[in-house]
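If you're wondering where the values come from, they're calculated on a predicted model, not measured in any experiment. Throughout, residue positions are numbered sequentially from 1 according to the sequence presented. Indexing begins at 1, ligand by ligand and atom by atom, following the structure's order.
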Amino acid sequence: MEILRNRLRRLRKTESFRKMFSETELSVTDFVMPYFVVEGRNIRQIIKSMPGIFRFSIDTLVKEVKEIHKLGIFAVLLFGITEKKDRTGSYAYNKNGIVQKAIRTIKKEIPEIVVITDVCMCSYTSHGHCGILKGGNIDNDATLEILSKVALSHAIAGADIVAPSAMMDGQVQEIRDTLDKNGFKDIAIMSYSAKFASNFYGPFRDAANSTPQFGDRKSYQMDYHNLKEVLREVETDINEGADIVMVKPALSYLDVIKTVKENFNIPLAGYNVSGEYSMVKSAAEKGWLDEKNTVLEILTSIKRAGADIIISYWAKEVAKWLKS
Ligand code: PBG
């Protein structure tokens with residue numbers, strides 16, 4: 001006896017039929033494109049650890065953002081990179097700092113673009129940690145004050161969404177209070193709620209020049225052995241006023257994305273981080289993986305797991321692929 005359970009098999013040979021039954025479809029509007037901004041003019045600097053990704057000066061960044069906007073992407077996530085580092089990361093909230101200038105210029109040239117900014121100190125501290133140090137440890141409460149100054153400086157410059165990524169306790173509350181007090185009630189917070197101490201951030205730290213000079217980030221980022229702890233972190237952030245929560249990294253954390261999606265009714269972002277990008281990129285360069293198909297599979301899995309928003313260094317490429 002022949003058993004043919006799936007009588008749709010014959011029809012599944014055609015792509016349009018498969019699309020008709022597909023449960024998960026990527027859309028260009030799901031994506032946020034991250035950018036690294038540096039001082040100077042006419043700069044489009046190669047990042048060795050992230051082939052295809054560049055550090056842009058503001059002028060070249062504006063051209064680039066115009067391009068992705070034409071492709072249908074409408075949100076960017078900005079990271080400032082600077083040599084102006086000190087122990088307390090004070091340049092991070094300078095009103096003429098690199099990110100603040102970039103926000104102003106982008107919002108002036110392409111006002112429709114949603115500008116999201118990373119709120120952290122690791123690119124601005126001489127020791128490379130995400131907060132203020134006291135006797136070799138992070139001083140959580142002293143750091144909160146700085147983070148809220150950073151977020152406020154971004155809001156003043158015109159950011160639409162601030163994204164605290166330092167993993168300090170109480171950071172969402174502190175930032176919310178500061179924004180509200182200063183007339184920025186409608187500026188949203190995307191919290192890196194479930195940010196794991198991950199090995200997949202390696203290429204980013206090279207790109208952003210933010211590798212900790214000693215130790216690691218395990219005291220403030222999450223332990224990847226844990227899932228229940230995520231529920232506590234996300235719940236706390238929502239109570240403190242987060243508008244969007246994030247799971248980061250994404251690919252090794254699909255179960256985390258799914259769990260957050262099932263337990264909370266709030267927009268959820270997945271961050272397809274630098275290491276996830278570079279490992280596929282390097283294998284593709286060697287001809288070992290087909291880049292486009294592998295990437296679409298990975299990104300679809302992140303969406304299938306439950307992410308409403310995907311932050312990915314492939315956003316621009318994906319926009320082109322989805323068009324063709
Ligand atoms: C800043 C920050 C990091 C990333 C985003 N924001 C680095 C870190 O926590 O070490 C990593 C992003 C990526 O790997 O693509 N705290």
> How does Tyr277 reach ligand 1, by side chain, by backbone, by both or by neither, if only non-hydrogen atoms under 4.0 Å count?
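Under 4.0 Å from ligand 1, Tyr277 contributes no heavy atoms.
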> Among all protein heavy atoms, pick out the one at the shortest distance from atom 11 (C) of ligand 1; state its residue, atom name and that distance to 0.1 Å.
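For atom 11 (C) of ligand 1, the nearest protein heavy atom is Lys248 NZ, 3.0 Å.
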> Quick one about Thr236 and Glu233 (side-chain donor to acceptor, distance below 3.5 Å, no hydrogens or angles considered), yes or no?
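No donor-acceptor contact under 3.5 Å links the two side chains.
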> Which of the atoms of ligand 1 are close to Tyr271, meaning less than 4.0 Å from one of its heavy atoms?
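Per the distance check, 12 (C), 15 (O).
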> Output the list of atoms in ligand 1 that are nearer than 4.0 Å to some heavy atom of Cys120, sorted by atom number.
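The atoms of ligand 1 under 4.0 Å from a heavy atom of Cys120 are 1 (C), 16 (N).
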> Write down the atom of Arg104, the atom of Asn96, and the distance for their closest heavy-atom approach.
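Nearest heavy atoms, Arg104 then Asn96: NH2-OD1, 3.0 Å.
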> On the ring face of Tyr201, is Lys195 found with NZ or CZ under 6.0 Å from the centre and within 45° of the axis?
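Satisfied, under 6.0 Å and within 45°.
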> Using the benzene-type ring in the case of Trp, are the ring centres of Phe204 and Phe36 under 6.0 Å apart?
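Centroid distance Phe204-Phe36: below 6.0 Å, so yes.
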> When you measure from the heavy atoms of Tyr313 to every atom of ligand 1, does any distance fall below 4.0 Å?
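Yes, that is the case, since the closest heavy atom of the residue is under 4.0 Å from the ligand.
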> Tell me whether Gln221 reaches ligand 1 (any heavy atom closer than 4.0 angstrom to a ligand atom).
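Yes; Gln221 lies near enough to ligand 1 that a heavy-atom distance drops under 4.0 Å.
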> For ligand 1, is any non-hydrogen atom under 4.0 Å from Cys122's backbone (N, CA, C, O), its side chain (CB onward), both, or neither?
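Looking at Cys122 and ligand 1, just side chain atoms fall under 4.0 Å.
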> What protein heavy atom is closest to atom 12 (C) of ligand 1, reported as residue, atom name and distance in Å?
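Protein heavy atom at minimum distance: Phe204 CD1, 3.3 Å.
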> Any idea which protein heavy atom is nearest atom 8 (C) of ligand 1, and the distance to it?
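Of the protein heavy atoms, Arg217 NE, 3.5 Å lies nearest.
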> Give the ring-plane orientation class for Phe56 versus Tyr35, where under 30° counts as parallel, over 60° as perpendicular and anything between as tilted.
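Plane angle over 60°, so perpendicular.
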> Closest heavy-atom contact between Ala319 and Val28?
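Heavy-atom minimum between the residues: CB-CG2, 3.6 Å.
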> Which heavy atom of Asp180 sits nearest to which heavy atom of Lys185, and what is that distance?
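That closest heavy-atom pairing would be OD1-CA, 3.6 Å.
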> For a quick check under 3.5 Å, do Asp118 and Tyr192 share a side-chain donor-acceptor pair by atom type?
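There is such a pair (donor and acceptor under 3.5 Å, judged by atom type) between the side chains of Asp118 and Tyr192.
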> Just jot down the ligand 1 atoms closer than 4.0 angstrom to any heavy atom of Phe79, in number order.
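The list of qualifying atoms is 5 (C), 6 (N).
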> Which ligand 1 atoms, with their elements, are less than 4.0 angstrom from a heavy-atom of Tyr201?
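Within the 4.0 Å cut-off of Tyr201, ligand 1 contributes 8 (C), 9 (O), 10 (O), 11 (C), 14 (O).
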> Considering only the protein, which heavy-atom contact is closest to atom 9 (O) of ligand 1, and what is its distance?
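Its nearest protein heavy-atom neighbour is Lys195 NZ, 2.7 Å.
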> Going by atom types alone, do Thr88 and Ser90 pair a side-chain donor with an acceptor below 3.5 Å?
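No, no side-chain donor-acceptor contact under 3.5 Å.
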> Starting from atom 14 (O) of ligand 1, what is the nearest protein heavy atom, named by residue and atom, and what distance separates them?
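Closest protein heavy atom to atom 14 (O) of ligand 1: Ser274 OG, 2.7 Å.
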